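Chain letters run A, B, ... following the sequence lines, proteins first and then strands; every chain starts at 1. Note that the coordinates shown come from a computational prediction; the quantities given were computed from them, not determined experimentally.
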Amino acid sequence: MTDEREITLTVNGTEHTIEVEPRRLLVHAIREDLDMTGTHIGCDTGNCGACTVLKDGEPIKSCLMFAAQADGAEILTVEGMEDLPEADDIHPLQEGFREEHGLQCGYCTPGMLMAGKALLDEHPDPDEETIRDAISGNLCRCTGYQNIVRSIEYAADELENRAAADGGAVATDGTADAEPAASPEGGHATPEFGGDADTFCGREDCCGGPDGADPFDRDALLDDAGDGDGTGDADGRDDADAGADATDRGDTK
Amino acid sequence: MKSAPFEHHEPDTVDEAVSLLESLDDPTILAGGQSLVPMLRFRLANPDVVVDINGIDSLDYLREEDGSLRLGALARHADVEDSDLIDGEYGSFADAAPLVADPQIRNRGTVVGSVAQADPKGDWGSILLAHEGEVIATGPDGDRAIPADEFFLLPYDTTLGEQELITEIRVPAPGPNEGSAYHKLKRKTGDYAMAGVGARLVFDDGVIESAGIGMTAVDITNARATDAEEHLEGERPSPDLFAKAGELAAEQSNPESDEHGGADYKERMVDVLAQRALSDAAERAGTVTVERRVTQ
Ligand SMILES: Cc1cc2nc3c(=O)[nH]c(=O)nc-3n(C[C@H](O)[C@H](O)[C@H](O)COP(=O)(O)OP(=O)(O)OC[C@H]3O[C@@H](n4cnc5c(N)ncnc54)[C@H](O)[C@@H]3O)c2cc1C
Ligand code: FES
Ligand code: FES
């Protein structure tokens, strides 16, 4: 009855074959079997949206689907954002969240980014109401949403500017357009990203918090073994998160 | 919490699914999973076998055929939301779809699964009742059509047999003088209804020939407001007529007080929502525009 089954998930372009029990949730397969802990678990009941991923391009809550049901599917998680064709080191949405302060603790951010990505894929130029509708399945307990809306608007503008600068085409290799068409109007110089946490803006309360880790810098975070909880690092309490997850989500519960 | 272990079957055809339901012990059907997965997780449901119907492509449709709108068991809430056919002709469905849960849940959850779930707070049951629709089930003895009126028994309990699969729900396609609408009051975006009312009106020469009203979250099941329906039939629409219908619907409703509102308040909301749904339905039927009575 507890037979495991072999399934194939293509996550962020990489194919993974794993063995899962039928009762294994997609979110647990992503976090625990594939060690991609950028996808968060907030409520476990379908209410909070922290576990949002794109399955075959559509946003879904990965705590409401069994992994076996995603056999053969293409999954996009927050870790894959920076490798998307429209990303330039980091994805315009991630840039938007940084520039517009679209996050505080960062717990909801991976889900917000995925909901925002799905929205912009369908409506490149959304109005505020459309944005609010698109993130209506994602709860944020910190920001009050205003800055999240602005962050997504920022990304929409950025994508449009880049498309205009490229003569209508978005860069597909992720290397073109090294200089963003519209430089962000933040209160500090645009930090450069290159997998090294030292290259941040340097401000204590900005770009990743007191430990200086960049919430969007996947390489640095993945390199940091034993922690790896990408976006969750924004709260600077990543290890505590990881510990809580390990006990909370284990077989014993 | 994890679900208890279960066997996962993925039939490709309805026949296969029905024979699994017939031959296996203690099976449960899995559609969008947006209600069932949490129930499995909380161990409110502990089936030995899960029959996952997501691979039965023949159930993935939303179309008009032989005078009915038919939604196959794999038509998702988002399919209704995105459908031009729905937008043009089925006001109540078009109103309700974007009000069900949130975008992620609408991408997975199915209309049929929602009807099967028989949660009194579910939106689709009220619409099925307002349209006097049917639930089409297939079981070991073949197909049968269950009128919406005879489907809902208790919260989470229906007249569906244990070995039956719902293949579709259907409602009569609207004639030229028909209009429908759905109004829902919720605490915040994405929530279940505190109260909801679906209405459908069919006119004959300016007179209401037939009326259907379904109510959400104000009784132990989705419920019809039959007194209000009777009051409307044979009459010409007017603010007073709709006000009386709202009052009758509220009287027939049976809400419970909870943390979101008292029973009196919810009854009052049934009245208001019914008037709104009726006046939208009348306007969409193209017959008249009925001013809404000012509500205090
Ligand atoms: C956070 C949240 C908010 C929600 N808000 C709303 C809301 O505002 N309004 C609303 O109406 N709903 C709401 N829902 C419920 C949602 O609409 C579900 O999609 C729906 O209730 C069940 O549909 P499903 O396809 O997901 O079915 P499942 O969860 O797969 O199944 C539900 C039940 O129906 C049975 N079933 C499913 N399909 C069939 C079939 N073809 N034949 C026989 N039995 C079948 C299953 O065995 C199970 O018992 C919400 C859910 C969540 C998690
Ligand atoms: S963890 Fe999936 S919606 Fe909250
Ligand atoms: S929950 Fe959204 S930033 Fe903290």
Among Val49(B), Asp52(B), Asp191(B), Leu40(B), who wins on heavy-atom pairs under 4.5 Å with chain A? Asp52(B)
Please report the interatomic distance CE(Met39(B)) to OG1(Thr45(A)), rounded to the nearest 0.5 Å. 14.0 Å
Smallest separation among heavy atoms of Phe6(B) and Pro22(A), with atom names: O-CG, 3.4 Å
Is it the case that atom CD in Glu19(A) sees more than 12 heavy atoms from other parts of the structure closer than 6.0 Å? yes
Answer yes when Glu10(B) and Arg5(A) have at least one side-chain N-carboxylate O distance shorter than 4.0 Å, and no when they do not. yes
From CD (Gln104(B)) to CG (Leu54(A)), nearest 0.5 Å: 9.5 Å
Honestly, the part of Ser136(A) sitting under 4.5 Å from a heavy atom of chain B is both
Taking atom CZ of Arg63(B) as the centre, does the number of heavy atoms from other residues, nucleotides or ligands within less than 6.0 Å exceed 12? yes
Honestly, the part of Ala134(A) sitting under 4.5 Å from a heavy atom of chain B is backbone
Leu30(B) and Gln69(A): which non-hydrogen atoms are nearest, and at how many Å? CD2-NE2, 3.3 Å
Honestly, the part of Asn107(B) sitting under 4.5 Å from a heavy atom of chain A is both
If you count heavy-atom pairs under 4.5 Å with chain B, which of Leu25(A), Leu119(A), Asn47(A) comes out on top? Leu25(A)
Before you tell me yes or no, could you show the steps for Lys61(A) and Asp102(B) under side chain to side chain contact (heavy atoms under 4.5 Å, CB included), namely the whole-Å CA-CA distance, both residues' side-chain angles and the distance that decides it to 0.1 Å? CA-CA 10 Å; Lys61(A) 292 180 171 175; Asp102(B) 56 50; 2.6 Å; yes
Closest non-hydrogen atom pair between Val37(B) and Leu64(A), with its separation: CG2-O, 3.7 Å
For a side chain to side chain contact (heavy atoms under 4.5 Å, CB included) check, start with the C-alpha distance between Arg23(A) and Val50(B), then their side-chain angles and the critical distance, and finish with the verdict. CA-CA 10 Å; Arg23(A) 61 175 167 166; Val50(B) 165; over 6 Å; no
Under 4.5 Å to a heavy atom of chain A? For Ala78(B) that would be neither
Per-residue contact mode, Leu36(B) against chain A (heavy atom under 4.5 angstrom): neither
Enclosure of Lys121(B) NZ (heavy-atom neighbours >12, cutoff 6.0 Å): no
What distance do Asp3(A) atom CG and Glu7(B) atom CD have between them, rounded to the nearest 0.5 Å? 8.0 Å
